[in-house]
Undergrad: 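What follows is a structure written as structure tokens; I'll ask about it next.
Everything numeric in this text was worked out from a predicted model, so none of it was measured.
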Amino acid sequence: INRVEMIPEDRRIHPACRFLHLTHWLGPPMPKGQEHLRKRVVKDDLIVECAVPWVNKRTHPGAVNMDFTPNHLFDPITPTRLFDNMPDPSRLKFVVTLRDPLKRAYSEWSMFVKWGWERVKDFGQALDREVKGLRRCNGTIFDEPSMVLTMPHNEFSAYHKKCFTGQAMEYVRNGMYIIGFRNFMRLFPANQFLIIYSEDMKVVPAKDLLKAFADFTGLTLADGVLDDRVVSARCRAGSGGRRPNHQSFSKGMTQREAALLSSIFEPFEQMFEVWVRHYGVQVALRDHPAVLRRRRLSVVQTDE
């Protein structure tokens with residue numbers, strides 16, 4: 001059982017958490033004469049049960065609880081909250097792990113179907129629902145996505161707040177990476193970001209990945225601590241004895257679904273590449289031999 005003491009005024013919680021009613025309270029029994037405290041706790045504090053444990057400030061002094069959900073990249077107000085509430089926003093470091101948006105969309109949908117959160121069991125229907133929503137929200141930008149880069153920021157911000165919520169199960173929106181980066185980088189400069197592509201993580205030695213992370217964060221990488229298993233290892237799901245909560249690939253997509261996603265994501269991917277190069281956002285391992293080899297193979301397979 002976890003008690004979250006600081007919550008937004010609208011009392012939203014992470015989708016992986018749920019409210020606990022009084023009848024579901026599993027905490028220790030209240031001492032005689034203090035039963036009223038139980039009701040006060042539930043009334044004044046948000047009592048939730050989470051799939052992911054929260055760091056306890058009593059057992060981890062100085063720790064700061066922060067939600068790690070990737071949806072924050074697309075939440076319109078997250079950058080402002082961070083900038084306004086952190087003691088020194090210039091010291092923040094953002095490590096952003098990205099995946100091929102087409103594969104990411106299918107993987108997210110299949111994950112939520114498996115978890116029982118997504119009621120639409122057909123991926124194509126789920127895509128059609130979201131695409132219709134995007135077109136209905138702003139048909140002009142849907143037909144001319146290049147406006148995302150050229151419109152004044154006040155217009156971009158209005159579009160972002162209207163058409164993006166930063167919530168889960170937005171399979172198309174959460175793959176339009178340029179949207180999140182433009183919103184974040186109005187407050188945080190490029191040198192505070194490191195992009196790591198999950199496809200690249202899987203082909204490089206773990207030591208090289210750790211070094212890229214250490215170089216960016218300023219954390220010390222002690223070579224003497226790395227044993228043979230770490231030096232020779234690569235990032236593999238389940239290689240450490242555990243598998244991620246869910247990991248799906250795009251093999252279950254139909255040709256129509258893949259073509260629809262490709263047509264939508266292609267201009268956003270091109271804009272994102274232009275943005276990253278123009279502002280000099282660091283991309284980890286971009287020139288690593290294993291990454292270059294992977295990309296060459298990917299091009300060959302695509303051409304075939």
Side-chain angles (χ1 to χ4, degrees), residues 12-18 50-52 66-78 94-137 142 145 148 160-184 195-202 235-238 242-273 298:
R12 288 183 301 169
I13 62 171
H14 190 277
C17 303
R18 62 183 180 182
C50 297
V52 179
M66 299 190 71
D67 195 346
F68 57 83
T69 173
N71 300 330
H72 281 323
L73 180 62
F74 297 95
D75 181 29
I77 61 176
T78 290
F94 299 97
V95 180
V96 187
T97 305
L98 302 178
R99 185 181 181 186
D100 180 319
L102 188 147
K103 296 179 180 179
R104 194 215 64 80
Y106 182 82
S107 182
E108 183 185 7
W109 168 80
S110 62
M111 177 182 74
F112 286 126
V113 167
K114 182 178 180 180
W115 287 7
W117 296 6
E118 174 60 84
R119 297 181 180 181
V120 179
K121 309 302 182 184
D122 182 275
F123 185 51
Q125 293 179 9
L127 289 182
D128 291 340
R129 173 192 63 192
E130 187 173 357
V131 169
K132 288 178 182 178
L134 278 169
R135 186 185 293 275
R136 185 168 55 250
C137 183
F142 184 87
V148 167
H160 188 195
K161 290 178 180 178
K162 180 182 178 183
C163 300
F164 291 75
T165 67
Q167 298 296 307
M169 295 186 287
E170 294 189 346
Y171 314 117
V172 178
R173 291 172 174 87
N174 290 342
M176 297 175 172
Y177 302 136
I178 181 61
I179 300 292
F181 267 83
R182 176 168 182 183
N183 187 43
F184 260 87
I195 296 173
I196 303 180
Y197 285 96
S198 62
E199 292 85 357
D200 296 343
M201 293 170 59
K202 297 176 182 179
C235 180
R236 291 284 188 272
R242 295 181 56 194
R243 295 196 65 80
N245 289 338
H246 187 87
Q247 188 175 41
S248 295
F249 303 94
S250 55
K251 296 179 180 178
M253 274 193 294
T254 66
Q255 290 185 347
R256 184 194 80 85
E257 294 161 358
L260 174 61
L261 283 177
S262 295
S263 66
I264 293 174
F265 284 138
E266 183 176 3
F268 285 91
E269 285 291 278
Q270 292 174 351
M271 286 188 290
F272 184 57
E273 182 66 21
S298 178

Undergrad: What are the two closest non-hydrogen atoms of L102 and A258, and how far apart are they?
TA: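 Closest pair (atom of L102, atom of A258, distance): CD1-O, 3.6 Å.
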
Undergrad: Please examine the side chains of D122 and E257, heavy atoms only from C-beta on, and report whether any two atoms are closer than 4.5 Å.
TA: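 The answer is yes; the side chains approach within 4.5 Å.
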
Undergrad: Report the distance from atom CD1 of I77 to atom CG of N183, rounding to the nearest 0.5 Å.
TA: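 Here the rounded value is 10.0 Å.
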
Undergrad: Side-chain contact test, heavy atoms from C-beta onward, threshold under 4.5 Å: evaluate it for T78 versus F184 and give yes or no.
TA: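 In short, these two side chains touch, coming nearer than 4.5 Å.
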
Undergrad: Rounded to the nearest 0.5 Å, what separates atom SG in C163 from atom CG in L134?
TA: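 CG of L134 is found 7.0 Å from SG of C163.
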
Undergrad: Search all heavy atoms of A105 against all heavy atoms of Y171 and return the closest pair with its distance.
TA: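 Looking at all heavy atoms of both residues, the closest pair is CB-O, 3.5 Å.
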
Undergrad: For the SG atom of C137 and the CZ atom of F142, what is their distance to the nearest 0.5 Å?
TA: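 Rounded to the nearest 0.5 Å, the SG-CZ separation comes out at 11.5 Å.
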
Undergrad: Do L98 and F272 have side chains that get closer than 4.5 Å, going by heavy atoms?
TA: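 In short, these two side chains touch, coming nearer than 4.5 Å.
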
Undergrad: Side chain to side chain contact (heavy atoms under 4.5 Å, CB included) for F268 and V148? Distances and angles first, verdict last.
TA: CA-CA 9 Å; F268 285 91; V148 167; 4.1 Å; yes

Undergrad: Nearest heavy-atom pair of F74 and F164: which atoms, and what distance?
TA: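 Shortest heavy-atom contact: O-CB, 4.2 Å.
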
Undergrad: Closest approach of V120 and R129, non-hydrogen atoms and distance?
TA: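 The answer is CG2-NH1, 3.4 Å.
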
Undergrad: Look up atom CD in E199 and atom NZ in K103, then write down how far apart they are to the nearest 0.5 Å.
TA: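 Reported to 0.5 Å precision, the distance equals 6.0 Å.
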
Undergrad: Count the heavy atoms belonging to other residues, nucleotides or ligands that lie under 6.0 Å from CZ of R256, then report whether that count exceeds 12.
TA: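 Enclosed: over 12 neighbouring heavy atoms sit under 6.0 Å from CZ of R256.
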
Undergrad: Check whether any side-chain heavy atom of Y106 lies under 4.5 Å from a side-chain heavy atom of L261, and answer yes or no.
TA: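 They are not in contact (no side-chain heavy atoms under 4.5 Å apart), so the answer is no.
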
Undergrad: Give the minimum heavy-atom separation between P101 and G175, together with the two atoms involved.
TA: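 Taking every non-hydrogen atom into account, CB-O, 3.6 Å.
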
Undergrad: Quick one: pull up CZ in R135 and CD in E130 and give me the separation to the nearest 0.5 Å.
TA: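 Here the rounded value is 13.5 Å.
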
Undergrad: Stepwise, does the side chain to side chain contact (heavy atoms under 4.5 Å, CB included) test hold for R104 with Y177?
TA: CA-CA 12 Å; R104 194 215 64 80; Y177 302 136; 3.6 Å; yes

Undergrad: For a quick test of reading the model, state the closest non-hydrogen atom pair linking K121 to W109 and the distance between them.
TA: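 Scanning both residues, the minimum pair turns out to be O-CZ2, 3.2 Å.
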
Undergrad: Test D100 against Y197 for side chain to side chain contact (heavy atoms under 4.5 Å, CB included), laying out the working first.
TA: CA-CA 8 Å; D100 180 319; Y197 285 96; over 6 Å; no

Undergrad: Which is it for M253 and L260 under the side chain to side chain contact (heavy atoms under 4.5 Å, CB included) test, yes or no, and what are the steps along the way?
TA: CA-CA 11 Å; M253 274 193 294; L260 174 61; over 6 Å; no

Undergrad: How long is the span from the CD1 atom in I196 to the CE atom in M201, to the nearest 0.5 Å?
TA: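 CE of M201 is found 6.0 Å from CD1 of I196.
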
Undergrad: Should we say atom NZ of K132 is surrounded by more than 12 heavy atoms from elsewhere, each under 6.0 Å from it?
TA: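 No - once you tally the heavy atoms of other residues, nucleotides and ligands closer than 6.0 Å, there are 12 at most.
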
Undergrad: Do the side-chain N and O atoms of S107 and R99 include a donor-acceptor pair separated by under 3.5 angstrom?
TA: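 Yes, because at least one side-chain N or O of S107 sits under 3.5 Å from a partner of the opposite role on R99.
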
